[in-house]
Amino acid sequence: MTDVKKIAVIAGDGIGPEVVAEAEKVLKKAEELYGYSFETEHALFGGIAIDEKGTPLPEETLAICKSADAVLLGAVGGPKWDNNSKELRPETGLLGIRKALGLFSNLRPAVVFDCLKEASTLKPEVLEGTDLMVVRELTGGIYFGEKLRRQGEHGEEAVDTCVYNVTEIERITRQAFEIAQKRRKKLASVDKANVLETSRLWRETVNRIAPDYPDVELEHVLVDNCAMQLLRRPSSFDVIVTENMFGDILSDEAAMLTGSIGMLASASMGDSTDAGSFGLYEPVHGSAPDIAGQGLANPIATILSVALMFRLTFNYAEAADAIEAAVAKVLDEGHRTADIAVDKSKALSTSQMGDLIVAAMQKA
Ligand code: NAD
């Protein structure tokens, strides 16, 4: 009997439904090519869930995700909900779903496709050979610490607290070392240990467990320096591990190395990144309200997120390779959505790009 894989599909807001529709075409094509069987269940999340259910993360959505083998997420948010109270903001749902599903690491590969070097704002010779992975801690740090507003000596003040414990640092660091072992065996741990106490604990913890991974070359890089080095020598990085907010910022910076944020996939994982592990897969970009509903969105980040899902959760490496090869082929042939096109007048729509990638998928 065919092994049926359950995928919770959360389209979300803005361009979310547009790019997820293209990723679903890829799932269908993989079923045809390889005889896989996917059972997809759609769930409401983010702004649309606030409108229809009064909360960004309805219980029903969480239940669907928990009973699935993997989650495919588009994007959430938009100006309509920007002035809502904290509980009624789509982003609160994002933080909540990661916590509720025990997802503490966010893996963001940034690979520069040769044919897209011209779409980047950096010089081609600087980008040559860039293939890095940002491993971002997802459930701790300043995004989750206590927040408050108060009256101070000089008027109203706001406080955000950054907290990390050793367990949180150790589990993400071990995962990053293990990922580095499977790649080029280089790990850059990024912190701000010259100023922040959480960063000093981070660095101590990384140094304490580093001897368990003697085959991995470790360097510590201060976050401000890392931001600069990513633009100066991106190809020298292999795996970068860092805390929540630094990872959020650095991975968007890394996204631009690839030419567009519309190219970058991500996986959010729990205790394991071994084949068969539960994960949530989503493009790095947001809901792009400025281009939503116009068929302008690049679906490649979401399609490559399906490849990551195949690799990490389902152990369907062959199909993951087929998706990545199809994306490379279509780009090599010169097809572009507007965000990566030099000549915007020839740009493809979201669904045209999705269709071309599906058509290019071949069994090896
Ligand atoms: P964004 O990533 O949505 O957009 C930034 C810029 O990149 C925009 O100009 C947009 O048009 C462009 N862009 C993004 N994805 C693209 C794609 N696939 N193809 C072509 N162009 C693309 O970031 P933002 O504007 O800061 O945020 C918009 C909304 O998205 C906000 O409400 C924010 O909170 C939310 N957001 C959600 C997520 C998520 O769901 N994980 C992540 C980031 C931002």
Side-chain angles (χ1 to χ4, degrees), residues 9-23 43-51 56-57 61 65 71-84 86 88-99 101 103 106-108 116 119-121 134 136 138 143 244-245 247-268 279-306 308 327 331 335-341 344 347-354 357:
V9 179
I10 299 175
D13 310 312
I15 61 168
E18 299 170 56
V19 290
V20 163
E22 302 313 309
L44 290 176
F45 181 59
I48 187 170
I50 295 170
D51 290 352
L57 177 54
T61 296
C65 293
V71 180
L72 176 66
L73 173 64
V76 296
K80 183 174 175 193
W81 306 281
D82 273 352
N83 297 321
N84 283 6
K86 187 174 160 235
L88 288 182
R89 286 181 60 92
E91 294 78 5
T92 306
L94 266 182
L95 300 184
I97 200 169
R98 290 169 185 158
K99 204 138 212 171
L101 297 175
L103 305 169
N106 187 229
L107 316 185
R108 297 183 168 192
L116 275 187
S120 175
T121 48
V134 179
R136 166 189 169 195
L138 214 49
Y143 293 175
N244 205 344
M245 183 169 69
D248 194 5
I249 298 166
L250 292 178
S251 58
D252 269 29
E253 186 187 354
M256 274 319 288
L257 301 173
T258 69
S260 166
I261 197 161
M263 298 289 300
L264 235 82
S266 83
S268 299
L280 181 149
Y281 300 87
E282 59 180 321
V284 166
H285 61 73
S287 59
D290 53 333
I291 57 166
Q294 301 169 52
L296 291 174
N298 184 345
I300 292 180
T302 317
I303 288 172
L304 290 175
S305 300
V306 173
L308 269 181
V327 169
L331 292 173
H335 304 293
R336 303 281 187 269
T337 41
D339 56 317
I340 48 174
K344 309 274 180 216
L348 300 181
S349 71
T350 309
S351 64
Q352 283 171 327
M353 178 56 97
I357 293 169

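First listed ligand is number 1; within each ligand, the first listed atom is number 1. Predicted model only: the values in this text are computed from it and were never measured. Reckoned from all heavy atoms, side chains included, excluding hydrogens, waters and symmetry mates.
Using a heavy-atom distance under 4.0 Å as the criterion, the protein contacts of ligand 1 are I15, A75, V76, G77, G78, E91, L94, I261, G262, E282, H285, G286, S287, A288, P289, D290, I291, A297, N298, D339.
For A21, there are no side chain to side chain contact (heavy atoms under 4.5 Å, CB included) partners at least two apart in sequence or on another chain. Checked against side chain to side chain donor-acceptor pair (under 3.5 Å), S260 has the following partners two or more places apart in sequence or in another chain: D339. Partners of D51 by side chain to side chain donor-acceptor pair (under 3.5 Å), not counting sequence neighbours, listed by chain and number: K80, W81.
Among the candidates N298, I300, T258, D252, the single residue satisfying the side-chain contact (heavy atoms from CB on, under 4.5 Å) test with L264 is T258. Among E22, E282, H285, E18, the one residue that satisfies the side-chain contact (heavy atoms from CB on, under 4.5 Å) test with T302 is H285.
Interatomic distance, CD1 of I10 versus OH of Y281, reported as 14.0 Å (0.5 Å rounding).
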